[in-house]
Amino acid sequence: MSIEKDLLSWFLLNKRDLPWRKKRTPYKIWVSEIMLQQTQVATVIPYYERFLNAFPNLESLANADINKLMKIWEGLGYYTRVKNMQEAAKTILQKHNGVFPSKKTELLQLKGIGDYTAAIIASIAFKEHCAAVDGNVLRVISRLNAINAPIQLNTTKQTIRIVAQELLSLEHPGEFNEAMMEVGALICKPKNPTCDICPISLHCQAYKKGLEHKLPVKLKRAEIPHYHIAAGVIYKDDFVLIALRPANGLLGNLWEFPGGKQQQGESLEDCCKREIFEETGLHVNVLEKLISVKHAYTHFKITLHAYRCNYISGSPEPRASQALKWVRIEDLTSYAFPKANKKIIEKLQLAQFPTTLTLF
DNA sequence: ATCCAGGACG
DNA sequence: CGTCCTGGAT
């Protein structure tokens, strides 16, 4: 039997029942694929449902308020994805008369759509004959052909893309692409691949040679730096101050408590006071530490130390942010924050309970 | 605690 | 080629 037949018949019986595999439209496929970039299926599912409820079509997405968009995306990570989606939605409305582009080359012109996403949309929604190569497919094919070159290298990826395009089913390109990824997700996993139940193990060079645990070859990552960040929860009566981060760059368009990196030889308290003045122009007293939160990004990790502060003087000027705002603790949930900041907020809201309870 | 998985873009 | 995030496995 051919790889194509083995793969497609397996897929028919074994594919997962996922929300974005029901009544498909180009718009919904697009939404799911953007969310699934660098993000696991289980994480995406609740976001997918909420997003489609809030923004059921291109018009609602194109016209959405950015803060509402960010709130829906809050916690999903890689926040430029949703900003790019809104731009792409506007482009489709303005340059394609609101009709979703059907060619891979057109899709590639849209913000946030790269080679993989263009190929998967074109092949599923419009049956274009193009292979969609994501991380799963890179791994599956590196084993299938026993490719013994580091998977991160562009030359290796190019080789694999060519193989993927040659393997691709003529009649069912979309299903074939999905089936390859499904095998990668369910069977041909990074660790402990279950070759005994793999539909294409008889075609697999790595399996034949007993190399399935050695492939794909990976280069080791460089060491990443660790920073300590001090942030202030600045109280003024019943309000605390939050800052809206710049639209571009790390955690763009998300809110946070003002703060920043600790410098050489500086105490965390001094750092907190300094950063608050630099970013807001406010003078504060730094009181007790509320919580320390560890968080790892791709190319560095942080420990975020949150301090309770008291407002002394000055009027807030957004010197390093788009905006500053005094809000009540109970209203913090209306704003989109990064994960590390959410943990501070949880702590604050827990701390509210005892004061409330003493009223009884 | 540490490592790993997962696409697009300037 | 460095920058973007979080969750899950080990």
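Computed from heavy atoms alone, side chains included, the values below leave out hydrogens, waters and symmetry copies. Values in this document were obtained by computation on a predicted structure and should not be read as measured data. Sequence lines set the chain letters: A, B, ... in the order given, protein chains first and strands last, and positions in each chain run from 1.
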Figure out the [atom1]/[atom2] separation between [X] and [N], and round it to whole Å.
{"X": "A/R81", "N": "C/dC4", "atom1": "CZ", "atom2": "C1'", "answer": "10 Å"}
{"X": "A/K83", "N": "B/dC9", "atom1": "NZ", "atom2": "C1'", "answer": "11 Å"}
{"X": "A/I160", "N": "B/dG6", "atom1": "CD1", "atom2": "P", "answer": "13 Å"}
{"X": "A/K104", "N": "B/dA8", "atom1": "NZ", "atom2": "P", "answer": "10 Å"}
{"X": "A/Y78", "N": "B/dG7", "atom1": "OH", "atom2": "C1'", "answer": "9 Å"}
{"X": "A/I224", "N": "B/dA1", "atom1": "CD1", "atom2": "C1'", "answer": "12 Å"}
{"X": "A/R161", "N": "B/dG7", "atom1": "CZ", "atom2": "C1'", "answer": "10 Å"}
{"X": "A/Y297", "N": "B/dA5", "atom1": "OH", "atom2": "C1'", "answer": "18 Å"}

Any base atoms under 4.0 Å from A/Y116, or only sugar-phosphate, or nothing? Heavy atoms, all strands.
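Sugar-phosphate only.
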
Using a distance-only criterion (donor-acceptor N/O pair, under 3.5 Å, no hydrogens), is the base of C/dC5 paired with the side chain of A/T298?
yes

Show me the donor-acceptor pairs within less than 3.5 Å that the side chains of residues 194-203 of chain A make with the rest of the protein, sequence neighbours left out.
| from | atom 1 | to | atom 2 | distance (Å) |
| --- | --- | --- | --- | --- |
| A/S201 | OG | A/C198 | O | 3.4 |
| A/H203 | NE2 | A/M1 | O | 3.4 |
| A/H203 | NE2 | A/D6 | OD2 | 2.7 |

Applying salt bridge (charged side-chain N to carboxylate O under 4.0 Å, His left out), can you list everything that pairs with [X], at least two apart in sequence or on another chain?
{"X": "A/E317", "answer": "A/R319"}
{"X": "A/E178", "answer": "A/R21, A/R24"}
{"X": "A/K71", "answer": "A/E74"}

Nonpolar side-chain network containing A/L211, other nodes, edges under 4.5 Å:
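Answer for A/L211: A/L215, A/V217.
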
Set of residues satisfying side chain to side chain donor-acceptor pair (under 3.5 Å) with respect to A/Q38, sequence neighbours excluded
none

For the backbone of A/E212 and the side chain of A/R143, can you confirm whether one donor and one acceptor N or O come within less than 3.5 Å of each other?
yes

A/K273 side chain to A/V286 main-chain N or O, any donor-acceptor pair under 3.5 Å?
no

Polar atoms only, N or O, under 3.5 Å: list the protein pairs with nucleotides 2-4 of chain B and their distances.
none

Residue pairs involving residues 83-131 of chain A (criterion ring-ring contact (aromatic ring centres under 6.0 Å, His included); sequence neighbours excluded):
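The answer is A/W30-A/F100.
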
Which residue pairs pass the ring-ring contact (aromatic ring centres under 6.0 Å, His included) test with at least one member in residues 265-289 of chain A, sequence neighbours excluded?
A/F277-A/H283

Side-chain atoms of residues 255-268 of chain A: list all donor-acceptor pairs with protein atoms under 3.5 Å, sequence neighbours left out, distances to 0.1 Å.
| from | atom 1 | to | atom 2 | distance (Å) |
| --- | --- | --- | --- | --- |
| A/E256 | OE1 | A/R245 | NH1 | 2.9 |
| A/Q262 | NE2 | A/E266 | O | 2.6 |
| A/E266 | OE1 | A/Q263 | N | 3.0 |
| A/E266 | OE1 | A/R274 | NH2 | 3.0 |
| A/E266 | OE2 | A/R274 | NE | 2.6 |
| A/S267 | OG | A/D270 | N | 3.0 |
| A/S267 | OG | A/D270 | OD2 | 3.3 |

Under a 4.0 Å heavy-atom cut-off, which of residues 133-152 of chain A touch DNA chain C?
none

Between A/N154 and A/F337, which is nearer to the 5' end of DNA chain C once each is assigned its nearest nucleotide?
A/N154

Closest non-hydrogen contact found for A/N192 with A/H213 is CA-CE1, 4.1 Å

So if I take residues 33-50 of chain A and measure heavy-atom distances to DNA chain B, which residues fall below 4.0 Å?
A/Q37, A/Q38

Check the phosphate of C/dC5 against A/H295, side-chain N and O only, distance under 4.0 Å to OP1 or OP2. Yes or no?
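So the side chain of A/H295 is outside the cut-off, no N or O lying under 4.0 Å from OP1 or OP2 of C/dC5.
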
So does A/K339 get a side-chain nitrogen or oxygen closer than 4.0 Å to the phosphate oxygens (OP1/OP2) of C/dG7?
yes

